[in-house]
2 protein chains.
Amino acid sequence: MLNTHIMKKKITLKQIARELDVSISTVSKALRDSIEISEDTRQKVQAFAKLYNYRPNNIALSLKNRKTKTIGVIIPEIVHHFFSKVIRGIELVANKRGYNVIIGLSNESFDKEVINMQMLANGSIDGFILSIAKETLQQQDYHHFKETINQGMPIVMFDRIVNEIHCDKVIIDDLKGSKNAVSKLLSNGCQNVAIITTKDYVSVGKLRTQGYLEALEDFKITPDTNLILKVDDELVSEDHLESLENEIEGLFQGNKNIDGVFAVNELYAIIAMKVARNLGMKIPEDIQFIGFTDGVLSKHATPSLTTVSQHGQLMGEKAAELLIDNLEREDEEEHYKTIVIATELVERNSTK
Amino acid sequence: MLNTHIMKKKITLKQIARELDVSISTVSKALRDSIEISEDTRQKVQAFAKLYNYRPNNIALSLKNRKTKTIGVIIPEIVHHFFSKVIRGIELVANKRGYNVIIGLSNESFDKEVINMQMLANGSIDGFILSIAKETLQQQDYHHFKETINQGMPIVMFDRIVNEIHCDKVIIDDLKGSKNAVSKLLSNGCQNVAIITTKDYVSVGKLRTQGYLEALEDFKITPDTNLILKVDDELVSEDHLESLENEIEGLFQGNKNIDGVFAVNELYAIIAMKVARNLGMKIPEDIQFIGFTDGVLSKHATPSLTTVSQHGQLMGEKAAELLIDNLEREDEEEHYKTIVIATELVERNSTK
DNA sequence: ATTAATAGCGAAAACGTTTGCGTGTTGACA
DNA sequence: TGTCAACACGCAAACGTTTTCGCTATTAAT
């Protein structure tokens, strides 16, 4: 670059050595306070290094040590409160323990998930933390996970997991969380609680539906299939929300007696509240709502939404700890853990 | 690991060479279809490599080529719609052009920003994309940026920038965006438009305030300092929102004639709407609102909020393109660009 | 004065690649 | 038979570290 500024390019051991007329090894040892080196040269070298702001080249270190001190994270989507909270948690403990975080987005696509993992598995990272793409869950093709693990690269899965793969896992107690939520509605006096959930291939959706059913059973209520709305995710993508609204409106119109709604995510709950209000129902007097998530919508909606909080950041922290513990473990005895994060019912104004 | 599964560790050129009884160079050349290698050995090598799923070690390549094909991104916060959209944009074009993205969070702290940059600048990445932490802006200490640039590592700044540093920049037209928004309120018949903004050290807050003033001037209205509320960011952190509500309530109570509000971000606008509603005002009949952002709150609030959209993803895309173009440019002639992203007024139900 | 110990430093290997160049083996041609 | 390409391959350097080993000169001990 033709700049007039003094450009201090990054300096290497070799350059320091040449400049001070010693060997590379001497410089390296001097910088690491080796006893082999005389006080004299040590100070000389350290002073010079400080002056030129020497820092060891990370890539060279990675190559030599055969570890990169970097964690690869693959998530389906980043513009999403839950996932960004998880990342924050991962980053927090990763940094504390001297690791960097490299992000790959699968965008819910199987192919992108595979490509991204391949890009990173070639030495760029020491291990993965990931949540599986919907498409992968649908296709049930998990060979890329298996191969990665077989190559000796550890994986920690969070939230969207699959039992078939043996690795560390961090999940929330979806079943208990939703069972709790629905029980809350029932003890609040709701007689006809509907659920708005996803298709069953999304594991968390399935579990939350199951929690709903178990809560009903506890209260000796026979489930009414008319009150179970399984939304097709394709429809919700981006701005095709009208169809979702229509489905929900259909649910309400077809079942005038609904007085409680449990939605497996925040958006479904918010939209359902909107539809209900448009139909003239009063919240929470006529109908109560509980959502599932720890997003920003719930807190600032009107009325604010009672939700099952997922503690995304905590999940991220746990996942990172699990992975780094594994990476730094001496003995190679593997037996994989699954950490279950408790949910918490945050009561706001959409319930009595 | 004592597993019974066949463990295929990652294979290297050296191992292939030994196995096939040829030299490392031959293997390398055979895999890259060099004409120096006979058809015979080439096929043999390629078959073997495919069988063992050989992939060149990225770290070794990075060391040899002295480029990592990785972009470092430093942002103040990731649990934030705008920033995560920017990241999505960065990731999109980075991946398309064969780059990885590594994330560092400054958490609005000067120290963490410096540490993070140092961690990454030691060879781990080829260049930075960043948005400056608030604390850094307050302290006006930019030596870490200067040093990084002096070392020959390019930086692209987005959104929160500072003129003092010479580098590529991507910003949105904050001034014009807010001017537009306020003009909209005024042409909609508002006589007394208040602004809820931040302290001036946040560059975007300052610019948006300026846009507000210019719009008033265009409409021949003398600004009323009582209608300008500069919120202290410290108060808004996490859950100290009540004080913000109180401040806003004070604003409304002290100026009963307010019939339009422009807020420099989404949250301020949402909270202001809530306060207004609690005071019995009808939106948009009695009072109209416009926010600034492209968040999820605006879309799903009741009433949905008219906002100035920032096109975060586009910013990310542009920033990544700028950086990669710079990295891959042959001629070293630098002259830095500043790309201005146009805003867009998304009209919803909080305005007439 | 000879030997042993020690302090202080350098050479070289290793991590996994790519690539310019050298070299041995063919076959063709004069 | 001698010369020369062309072909096919290996050697070695380079990227920037760390670390083991070995060398040399000085010192201490006998």
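Below, chain A is the first sequence line, B the second, and so on; all start at residue 1.
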Residues pairing under salt bridge (Lys or Arg N to Asp or Glu O under 4.0 Å) where one sits in residues 13-31 of chain B, two or more places apart or in two chains, turn out to be B:Lys29-B:Glu36

One would report the end-axis bend of the helix from C:dA1-D:dT30 to C:dA30-D:dT1, five pairs per end and rounded to 10 degrees, as 80°

Salt bridge (charged side-chain N to carboxylate O under 4.0 Å, His left out) filter on A:Lys69, not counting sequence neighbours, yields A:Glu328

B:Glu108 meets the salt bridge (charged side-chain N to carboxylate O under 4.0 Å, His left out) criterion, sequence neighbours left out, with B:Arg160

Under a 4.0 Å heavy-atom criterion, the protein footprint on nucleotides 18-23 of chain D, written with B, S and -, is BBBB--

Residues at least two apart in sequence or cross-chain that pass side-chain hydrogen bond (donor to acceptor under 3.5 Å, both in side chains) with B:His144, listed by chain then number, are B:Glu113

Residues at least two apart in sequence or cross-chain that pass side-chain hydrogen bond (donor to acceptor under 3.5 Å, both in side chains) with A:Glu91, listed by chain then number, are none

A:Ile59 atom CD1 is separated from D:dA14 atom C1', nearest whole Å, by 16 Å

So the contacted stretch of DNA chain C, first to last nucleotide with an atom under 4.0 Å from a non-hydrogen atom of chain A, runs from C:dG8 to C:dG16

So salt bridge (Lys or Arg N to Asp or Glu O under 4.0 Å) across residues 135-157 of chain A, not counting sequence neighbours, yields A:Lys146-A:Glu164

All N/O donor-acceptor pairs, side-chain side in residues 44-54 of chain B, below 3.5 Å, sequence neighbours left out:
| residue | atom | partner | partner atom | Å |
| --- | --- | --- | --- | --- |
| B:Gln46 | NE2 | B:Ala30 | O | 3.0 |
| B:Gln46 | NE2 | B:Asp33 | OD1 | 2.7 |
| B:Asn53 | OD1 | B:Arg55 | NH2 | 3.3 |

Applying side-chain hydrogen bond (donor to acceptor under 3.5 Å, both in side chains) to B:Thr68 and not counting sequence neighbours gives B:Asp126

Residues at least two apart in sequence or cross-chain that pass side-chain hydrogen bond (donor to acceptor under 3.5 Å, both in side chains) with A:Glu317, listed by chain then number, are A:Gln313

Atom CD of A:Gln15 and atom C1' of D:dT17 are separated, to the nearest Å, by 14 Å

